[in-house]
Amino acid sequence: MEVAQVLHMNGGRGEKSYAENSLVQRKVISITMRIAEEAITNIYCSTFPTSLAIADLGCSSGPNTLYAVSELVKAVDEVRRKLGHQSPEYQVLLNDLPGNDFNAIFKSLAGFQENLKKQMGDGFGPCFFAGVPGSFYCRLFRAKSLHFVHSSYSLMWLSRVPEGLEGNKGNIYMASTSPPSVLKAYYMQFQTDFTLFLKCRSEELVAGGRMVLTIFGRRSQDPSSKECCYIWELLAVALNEMVLEEEKFDSFNIPQYTPSPFEVESQVKKEGSFTIDRLEISQVNWNAYDNEVHQSAAFEDGGYNVARCMRAVAEPLLVSHFGEAIIDEVFSRYGEIVASRMSKEKTEFVNVTVSVTRKG
């Protein structure tokens, strides 16, 4: 599987699209935004640039893409007004893999910018946007051209499926039954990828530039712990129930690694280009609609909600390997399995957020 070719969220605005099924990711951005706002206002107040370049890596499409950007721009504008400064020009660079639905983003920009101008009032901006397709595991921008980098729920995705997973039979990801060699292979791929990510960004950020990354991760030191792997283990159960060809099943593995805070900290320090300002953990319920008021009857089914969310994320990967014929049935079964487990135990995604500064 060529990850860069098949890894993208479901596009469009339909029932199965990421745009309509990304409330979990929206809540994560909301929970962690205070860290990003602190970081971007710090870089602004340290240099007062007349032009501020912001990159959002793994931006996907849908309402979350521009939500993060708008909150960051508002934070800077609030500070500069208090200080009596003229507004900087904003350059917003939206990055994701080439399969991302960039068209949907571009179509929404005119309305977004109009609303932003109304909210911010006279003296704001201007704000320029550009789409940047490509893997963030390579250089994407000019040297020393960025002031701030934001990424939420993207860096757990690896550049490739790790090598050496032949012993991971019966699983599609790290699991309690995975042999140590599989866990090691996943961790080594994460180390390679994350180090490369940090190196590339260090070349693109100005000295003193800031970066805030939120990654789907774990608290535990055990990479196969339920808190990060359970969501995929249950999908493996649904796939297994379909009585798929064993060889076909065993050759499918999710290209993802959910790091602990210690692992994130270790790689940042080892790479050496950044100092760590904050390292925090948060959590969000699997069911994004949990505790939401006025939800329709359809969204009261937690298993259904989680299955829709995971389908929006994982469907392109599954289709590329297994074909389209089984997808509806797999996620129908998955929703039932998830609902059963959620009724018996607490289920949460763990988020690791790190805020760093580029060394001078």
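Since we're looking at a predicted model, the values are computed, not measured. Start at 1 with the first residue, then count along the sequence. Just so you know, these numbers use all the heavy atoms, side chains as well, and skip hydrogens, waters and symmetry mates.
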Approximate separation, where rounding is to 0.5 Å, of [X] [atom1] and [Y] [atom2]:
X	Y	atom1	atom2	value
K269	T275	NZ	OG1	11.0 Å
E263	K270	CD	NZ	12.0 Å
N253	N168	CG	CG	5.0 Å
M211	L146	CE	CG	10.0 Å
L94	F102	CG	CZ	7.5 Å
M174	Y257	CE	OH	5.5 Å

*Kindly determine whether E38 and R34 satisfy salt bridge (Lys or Arg N to Asp or Glu O under 4.0 Å), including the steps that lead there.*
CA-CA 6 Å; E38 176 188 71; R34 61 181 174 79; over 6 Å; no
Got [X] and [Y] here, is their nearest side-chain heavy-atom distance under 4.5 Å?
X	Y	answer
R160	P255	no
N100	C59	yes
R218	S260	yes
T214	I35	no

_F128: hydrophobic cluster co-members (side-chain, 4.5 Å)_ = none
I'd like to know if the side chain of [X] reaches the main chain of [Y], judged simply by a donor and an acceptor atom lying under 3.5 Å from each other, with no hydrogens or angles considered.
X	Y	answer
S151	L57	yes
R333	I337	no
H147	A53	yes
S108	I105	yes
Q113	C127	yes
E204	F141	yes
N95	V132	yes
S178	A175	yes
R278	S355	no

*Mind listing the closest non-hydrogen atom pair of G164 and V182 along with its distance?*
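That closest heavy-atom pairing would be O-CG2, 4.3 Å.
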*Which heavy atom of D77 sits nearest a heavy atom of M120, and at what distance?*
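So the two residues come closest at CB-CE, 3.3 Å.
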Hphob cluster co-occupancy, [X] + [Y], side-chain heavy atoms under 4.5 angstrom:
X	Y	value
L140	V206	no
I254	F216	yes
Y187	F262	no
V354	Y137	yes
M156	I281	no

_Strictly below 4.0 Å, N to O, side chains only: are R201 and E271 in salt-bridge contact?_
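Salt bridge: no.
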What I want to check is whether the side chains of [X] and [Y] have a donor and an acceptor closer together than 3.5 Å.
X	Y	result
S159	D193	yes
Q119	K74	yes
E280	T353	no

_ring-ring contact (aromatic ring centres under 6.0 Å, His included) partner of F197, the single match among F190, F136, W157_ =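 Among the candidates, only F136 passes.
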_Determine whether the aromatic ring centres of residues Y186 and Y173 are separated by less than 6.0 angstrom._
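Yes, the ring centres sit under 6.0 Å apart.
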*Mind running side-chain contact (heavy atoms from CB on, under 4.5 Å) on R139 and C200 for me, showing each step along the way?*
CA-CA 5 Å; R139 282 287 303 276; C200 290; 4.2 Å; yes
*Determine which pairs satisfy salt bridge (Lys or Arg N to Asp or Glu O under 4.0 Å) with at least one residue from residues 52-62, sequence neighbours left out, and list them in order.*
none
*For D277, side chain to side chain donor-acceptor pair (under 3.5 Å) partners two or more places apart*: R210, T357
*F148: which of V76, T41, L52, V212 passes side-chain contact (heavy atoms from CB on, under 4.5 Å)*: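 For F148, the side-chain contact (heavy atoms from CB on, under 4.5 Å) test succeeds with only one of V76, T41, L52, V212, which is V212.
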